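Written out below as structure tokens is the structure these notes cover.
Proteins come first, then strands; the chains are lettered A, B, ... in the order of their sequence lines, and each starts at number 1. Keep in mind that what you see is a predicted model, and the values were worked out from it rather than measured.
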Amino acid sequence: MAEMNMAKAINKALHEAMEHDERVVVLGEDVGKDEGVFRITEGLLAKFGEKRVIDTPLAESGIVGTSIGMAMYGLRPVCEIQFSGFDYYAYHQLESHAARMRNRTRGRLTVPMVMRAPYGGGIRALEHHSEAREAIYAHTPGLKVVIPSGPRNARALLHASIQDPDAVVYYEPKALYRAFKEEVPDKIETLPIGQAQVVLEGSDISLISYGASLRVTLEAAEVLDEEHGIKADVIDLLSIAPLDTTTIVESVRKTGRAIVIHEGPRTCGIGAEVVARINENVLLYLEAPVRRVTGYDTIIPYFSKEKAYLPDADRIVAAALETLEF
Amino acid sequence: MAEMNMAKAINKALHEAMEHDERVVVLGEDVGKDEGVFRITEGLLAKFGEKRVIDTPLAESGIVGTSIGMAMYGLRPVCEIQFSGFDYYAYHQLESHAARMRNRTRGRLTVPMVMRAPYGGGIRALEHHSEAREAIYAHTPGLKVVIPSGPRNARALLHASIQDPDAVVYYEPKALYRAFKEEVPDKIETLPIGQAQVVLEGSDISLISYGASLRVTLEAAEVLDEEHGIKADVIDLLSIAPLDTTTIVESVRKTGRAIVIHEGPRTCGIGAEVVARINENVLLYLEAPVRRVTGYDTIIPYFSKEKAYLPDADRIVAAALETLEF
Amino acid sequence: MPRKPIDLPYKIEYLSVLDENGDVDKELEPKLSADDLKKMYWYMRLARQMDERMLKLQRQGRIGTFPQTSGHEAISMGSIYAIDSSDWNVPAYRELAGMLYRGWPIETILLYWGGFEEGNRIPDGVNDLPYCVPVASQLLHAAGIGMAMNIKGDKKVVVTYFGDGASSEGDFHEALNFASVFSAPVIFVCENNQYAISVPLSRQMKAETVAQRAISYGIPGVRVDGNDVLAVYVAASEAVARARKGQGPSLIEGLTYRVTPHTTADDPKKYRSEEEVEQWLKRDCLIRFRKYLVKKGVCSESDIKKVDEEIDAKVKEGVQRFEELAKSEELLDPLASFDYMYAQTPEFLQRQKEELADWLNKEKKSSGSAGKAQAETARRGG
Amino acid sequence: MPRKPIDLPYKIEYLSVLDENGDVDKELEPKLSADDLKKMYWYMRLARQMDERMLKLQRQGRIGTFPQTSGHEAISMGSIYAIDSSDWNVPAYRELAGMLYRGWPIETILLYWGGFEEGNRIPDGVNDLPYCVPVASQLLHAAGIGMAMNIKGDKKVVVTYFGDGASSEGDFHEALNFASVFSAPVIFVCENNQYAISVPLSRQMKAETVAQRAISYGIPGVRVDGNDVLAVYVAASEAVARARKGQGPSLIEGLTYRVTPHTTADDPKKYRSEEEVEQWLKRDCLIRFRKYLVKKGVCSESDIKKVDEEIDAKVKEGVQRFEELAKSEELLDPLASFDYMYAQTPEFLQRQKEELADWLNKEKKSSGSAGKAQAETARRGG
Ligand SMILES: Cc1ncc(C[n+]2csc(CCOP(=O)(O)OP(=O)(O)O)c2C)c(N)n1
Ligand SMILES: Cc1ncc(C[n+]2csc(CCOP(=O)(O)OP(=O)(O)O)c2C)c(N)n1
Ligand SMILES: [Mg+2]
Ligand SMILES: [Mg+2]
């Protein structure tokens, strides 16, 4: 048992995975000598050497495309895209191949790879460094999309992602890298991909979120409880593809009210899908419209103003009160 | 007034736009001498010459990226991506620049361009030639996404798209290119981007669709009327970004029941957004869950089996009957 | 300090071994046994006769649109013959001869162009990737496979294919750069048939050759006569030897011409002259290779005829097996896609599968007019 | 028929005009007036002093992370000085000298790095694109602008900038290929500072130079001493002359070294030695340019001092204007983004704007711990 932040926990998982499975290789821009611009790959080059920890040329399609080749050859590449705002350069490779090879070859070839990328706002970064476009990947059949919300589940989910026989997009909420510490057990844990967690039990309203937004959601739940005596059922999706319909549906059947919270743009975002699944499964239990507290359909404002764009406890609390008064 | 199919109507719009505005240029793979693999650019090179009708090298990012440059310099590029399944190669250019330049420069630079691409299934094409991933663009703030459903609105919407001061993704349902003919007036028409049309009036159920799916939706509406006496309110979205919430909401307020129909994958698709907006605005009017009759979250099967993947009248009728019996 | 030339250690050569009359350059002639030569010829002919047969099948609507390969046999065969079966092959879509040689059954290939995923079921023991449609994207997979070979310490090589048009894609640049930086054992073979659908080489690049692009990556580049299977074999063997020695990738440009339409949906009259085509037909790789085999005494004219008959029979059998498979319930089951999206089908997808299963029986044929339109559009498109 | 070299009409040259002692190659010395030389020096110094001042502002948290530009002034100034104000400039992010010369106010640039979109408000009459963060993507915009100049028949040129790392991106390849195929009047200037963050040139490419990549596109390529503003100017002027004559694009590689960290978030000790940096500091472009100006009698040592003082004052004023703007309600209004997404804000977005407007007052500061974490992460990141 040791206390560590999320950056350290992800780093720990990479060390563990490379120790336990020599097929695991790490590649990307500045992941070697520099140990990653966020230091997520700290110590890897020193311990595992240049063959397995690869500083690549500056080319995202190259990084993802060669990872796909390596995976088909039998390795387990874990590639890093320096910021999610640049993974679009490689989207054609992920969509056309990583997500399709198993189906295309009727199972003869598979692409067991992980594409890691820091995503989301809140660190006063430049334009293109604060995007949250995870829905693009959730909308891409054949991919899994995993998003941790804390040190412990980050480590467990990264292990699960690396062990997964298919391509996984592992998005790291960069605002949480060093936001807080948590006990992380010594023995390796994994969490099943596609299973959400109820992180707080309550029967008044369901608050559904993931990633950095889960933290403000928990803040909001606390305020709702302490200041308004409202008990929220807080769900951490952990993976947005596959999306855990069952957990969402059971919660809403209990509460009859729900809010979905995320950073990304609203239109066709994860929130829309959550609302759609609630509508399909428990419409008659709904006592109020499901609210979406999300990023807006704009470019996230430059950092002097970015906080206004990001969901915060206030917006969630207010939405919850309105939903309960509806 | 002349009868023509959608391929011809789009071609007509291109001719007209190039005649009326010399800033309009057409570029893409095989759009010149070959007149497009679907012959959409027929006659353009002969009439407007090599400077304005440009056969490019084989590079989608190059096509979109240079179009962005041309647009900032004052031209009105209309670029063609040969199949939508290959526009991912250029997504980073659209997202990072076409969708952002106005906001980035606080209005100093704009990107008035149109990216045309044939999309969707139903023509027995190879893998990657039948995709319907329009939701990716609808989820991209700064873009508009227009999808016609017939010759007349195809021409009017293409004019609107070319005249639009911002970047427009104009997706052409390739299954409709030669599916049927329609009267197209001689004088140039435009349609406002962001406005849906009620193409059939009814009060029993709202059928919301666009593109090739609208045709099967209309077939379904006919069956519902003739065989079951059910009157459907059929909405043709025409543009999925911006999405016309008002028209959708008014229809559902009237009918209390709705089905949204499209080819693309279901998760985080346009259907999800339509459901979310109905939920936000007219939840209490709903008498049954909104059904999504859409493509599945799989790769569209190769052409020997693709029809099973595509929404058809049967699926819509059955979903409508269930919704009404709910 | 003034202006001084930087001397770069590159010379780009043109290589040709076998001329149109079947005469060979004795010094460059590769040491290939009669069996080798016969085998190469056999698969080149198989590809040619199959291509011709596929055209008929397509016209009859028994398979869909496909890219014809006649004229590309020398580049495909000359390069694939330079690697071992334990090496890897990353094709594009015009390497029919090479795929047949690697062990892809005729019916499997027909299934692919007939609209069945099973056409990509790589046969047991064959180290090939399937056809790749998104142009140039496969080059990065080859680079990654080569990098993986180095990482694992395998002494293997990988050969990959792409067209002149593909060399304009960013992925081409990234693939050659990655392969060169990491000394990956990759042989990049460009099938320069001088057209990308309707776009001629001069519109694709200002450079005189694709081969000279090797200079951008500090690797060897050579242009060979793409209708000369011996020249391709020589260049490929040299590249393979370098790769096995850990000297990294090479770029080979085979200069040929697409004597057929781009695909069965293409109409070349729109963009080029018949004369141009006629000229290149004279340089056909099979005609000169046959002359060589006869002059060399490897086979007689009658052997050659026998081969054609043998192959006709083989193709017939393959087509029959394809026709049966194409009728089989298993292959026509659209539910299969749900089973192959992930190792384990997630619950939500399982539900979608059941949803579709419920509909499949009820499914009605789409209205005649739409049907016609689709067929019509299919003829024009893709 | 045998193996014969293809002779390609390319020689890649290295160009240097001004050495570290400020001595010049008389034959190559460009004909620049004393005023020209003073102006070039003035903006190079302005960039240098501003860069140093920005470092302080960043350390004080008054602006965010930014890429330092000290050492890149010669490449930027030498090339930008070769074009007219009616020509276009497509920057990356290390061309501070050039942007200042083109007319970007100090406060505008500070606003950009301070987290305000207004930092990209191109001044009236300046034909520049704003900073471009997605590496290499801007090269295609330059190619498109050049193509548009040809289409409109404008006799203008466009200069664009990118790093050694950027030359690994597919967009680099596509941009140079498009520009060459369409003879677009584009001058591609590579700021080869030998690092892409931590990745050294040797890991970026196996090729000896970036300049030789010109051969892939059949265009002229030259490597120049990137610390020699005169050499850069000569090479750029030649490229501009060719472009204006309709001879298409050129590739210029300025070889320099990133003597600073990549950005204020970077720690170079992790990947390179102090000695390496020391060596290159000696070759600084401003030191030698100053020596040249003095030897040539263009300015005296005291003039030089005066310039520094003048500039200090200018920078101070600029910083003051920035500080005021950075406090202004208008610039701090997050609602502005809604107004600039489209020419006309669609109804649904208007509703979202109102939704946010309602919240803005209520907004609470995020919890202290998270706040600290953000600052901390900000220091490490990007
Ligand atoms: C990324 C991408 N863009 C466009 C297409 C459509 N397309 C298929 S083949 C082709 C031309 C390819 O030309 P070339 O690379 O020279 O190969 P060839 O067909 O001549 O053998 C095009 C444009 C595609 N399949 N993939
Ligand atoms: C497409 C993309 N990938 C990654 C990054 C992150 N990044 C910013 S600068 C940089 C290094 C650029 O190196 P180089 O092109 O040599 O320019 P330099 O910074 O050395 O001037 C990287 C990787 C980015 N901005 N864009
Ligand atoms: Mg070709
Ligand atoms: Mg650099």
Side-chain angles (χ1 to χ4, degrees), chain A residues 5 7 29-39 55-62 82-83 85-86 88-89 118 122-129 174-180 212 215-216 219 266-267 296-310 312-315 317-318, chain D residues 64-66 112-117 119 133-137 163 165-171 196-199 203-205 265-267 270-271 326 331-338 340-341 348-349 352-353 355-356 359-360 362-364 366-367 369-370 373-378 380-382:
Chain A
N5 62 30
E29 295 156 13
D30 308 292
V31 298
K33 277 190 177 166
D34 198 43
E35 306 184 304
V37 293
F38 288 104
R39 302 293 178 260
D55 274 321
T56 67
L58 208 181
E60 289 70 22
S61 181
Q82 204 160 75
F83 288 88
F86 307 123
Y88 315 132
Y89 281 65
I123 68 161
R124 295 173 50 81
L126 286 174
E127 189 181 357
H128 309 285
H129 291 69
K174 64 175 85 75
L176 299 186
Y177 274 145
R178 291 166 174 82
F180 66 99
R215 309 308 307 175
V216 288
E219 285 177 36
R266 183 170 301 168
T267 295
Y296 303 96
D297 291 311
T298 69
I299 307 305
I300 179 170
Y302 281 13
F303 68 75
S304 65
K305 307 173 289 298
E306 73 174 321
K307 292 179 97 289
Y309 180 92
L310 303 171
D312 66 9
D314 268 11
R315 278 168 68 192
V317 168
Chain D
T65 302
F66 75 97
Y112 179 76
W113 301 112
F116 295 90
E117 288 82 351
V133 171
V135 163
S137 59
S167 76
S168 295
E169 289 279 6
D171 279 4
I197 305 187
S198 70
V199 179
R203 236 326 150 79
Q204 203 61 243
M205 64 189 74
D266 178 41
D267 172 14
K270 296 189 74 73
Y271 54 82
L331 268 63
L332 285 166
D333 181 4
L335 294 174
S337 292
F338 290 88
Y340 288 109
M341 292 305 296
F348 85 98
L349 203 52
Q352 289 188 9
K353 182 182 178 185
E355 178 189 321
L356 175 56
W359 291 123
L360 281 180
K362 309 190 187 172
E363 245 221 340
K364 217 188 300 165
S366 71
S367 78
S369 73
Q374 284 173 13
E376 152 68 348
T377 324
R380 329 280 296 91

Check the pair A:Thr298, D:Leu349 against side-chain contact (heavy atoms from CB on, under 4.5 Å), reporting the backbone distance first and the verdict last.
-> CA-CA 8 Å; A:Thr298 69; D:Leu349 203 52; 4.0 Å; yes

Could you go step by step and tell me if D:Asp266 and A:Asp34 meet the side-chain contact (heavy atoms from CB on, under 4.5 Å) rule?
-> CA-CA 9 Å; D:Asp266 178 41; A:Asp34 198 43; 4.0 Å; yes

Can you measure from [atom1] ([X]) to [atom2] ([Y]) and round to the nearest 0.5 angstrom?
X        : Y        : atom1 : atom2 : answer
A:Lys305 : D:Ser337 : NZ    : OG    : 6.5 Å
D:Thr65  : A:Ile123 : OG1   : CD1   : 7.5 Å
A:Leu58  : D:Glu169 : CG    : CD    : 5.0 Å
D:Leu360 : A:Lys307 : CG    : NZ    : 11.5 Å
A:Glu29  : D:Gln204 : CD    : CD    : 8.0 Å
D:Gln352 : A:Thr267 : CD    : OG1   : 6.0 Å

Do A:Glu35 and D:Asp267 have side-chain heavy atoms sitting under 4.5 Å apart?
->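 Contact flag for A:Glu35/D:Asp267 side chains = no.
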
For the residue pair A:Ile299 and D:Met341, establish whether any side-chain heavy-atom pair is separated by less than 4.5 Å.
->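 Of all side-chain heavy-atom pairs linking D:Met341 with A:Ile299, at least one is under 4.5 Å.
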
Nearest heavy-atom neighbours spanning [X] and [Y]:
X        : Y        : result
A:Asp30  : D:Ser198 : OD1-OG, 2.6 Å
D:Trp359 : A:Ala318 : CH2-CB, 2.7 Å
D:Ser137 : A:Tyr89  : CB-OH, 3.5 Å

Under a 4.5 Å heavy-atom cut-off, does chain A meet the side chain of [X], its backbone, both or neither?
X        : result
D:Ala336 : neither
D:Ser167 : neither
D:Phe66  : neither

D:Glu355/A:Arg266 salt bridge by N-O under 4.0 Å criterion =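 Yes, charged N to carboxylate O under 4.0 Å.
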
Chain A: which of [options] shares the most heavy-atom pairs with it under 4.5 Å?
options                                : answer
D:Tyr271, D:Tyr112, D:Tyr340, D:Phe338 : D:Phe338
D:Gly119, D:Pro134, D:Ser168           : D:Pro134
D:Val199, D:Ile197, D:Leu335           : D:Ile197
D:Val133, D:Leu331, D:Asp171           : D:Val133

Does a sphere of radius 6.0 Å around NZ in A:Lys33 hold more than 12 heavy atoms from other residues, nucleotides or ligands, not counting ones at 6.0 Å or beyond?
->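 Counting neighbours around NZ of A:Lys33, 12 or fewer heavy atoms of other residues, nucleotides or ligands fall under 6.0 Å, so no.
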
Side-chain donor or acceptor of D:Glu117 paired with backbone N/O of A:Tyr302 under 3.5 Å |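 Flag set: sc D:Glu117 to bb A:Tyr302 pair under 3.5 Å.
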
Whether D:Arg203 side chain and A:Asp55 backbone form a donor-acceptor pair below 3.5 Å =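 Yes, because the side chain of D:Arg203 sits within donor-acceptor range (under 3.5 Å) of the backbone of A:Asp55.
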
Please assess A:Gln82 against D:Val135 for the test side-chain contact (heavy atoms from CB on, under 4.5 Å), listing each intermediate value before the final yes or no.
-> CA-CA 12 Å; A:Gln82 204 160 75; D:Val135 163; over 6 Å; no

Proximity breakdown for A:Glu306 and chain D, heavy-atom pairs closer than 4.5 Å |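 Neither part, no heavy atoms under 4.5 Å.
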
Considering only heavy atoms and a distance below 4.5 Å, find which of A:Tyr296, A:Phe86, A:Tyr88 pairs most often with chain D.
->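 Most heavy-atom pairs under 4.5 Å with chain D: A:Tyr296.
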
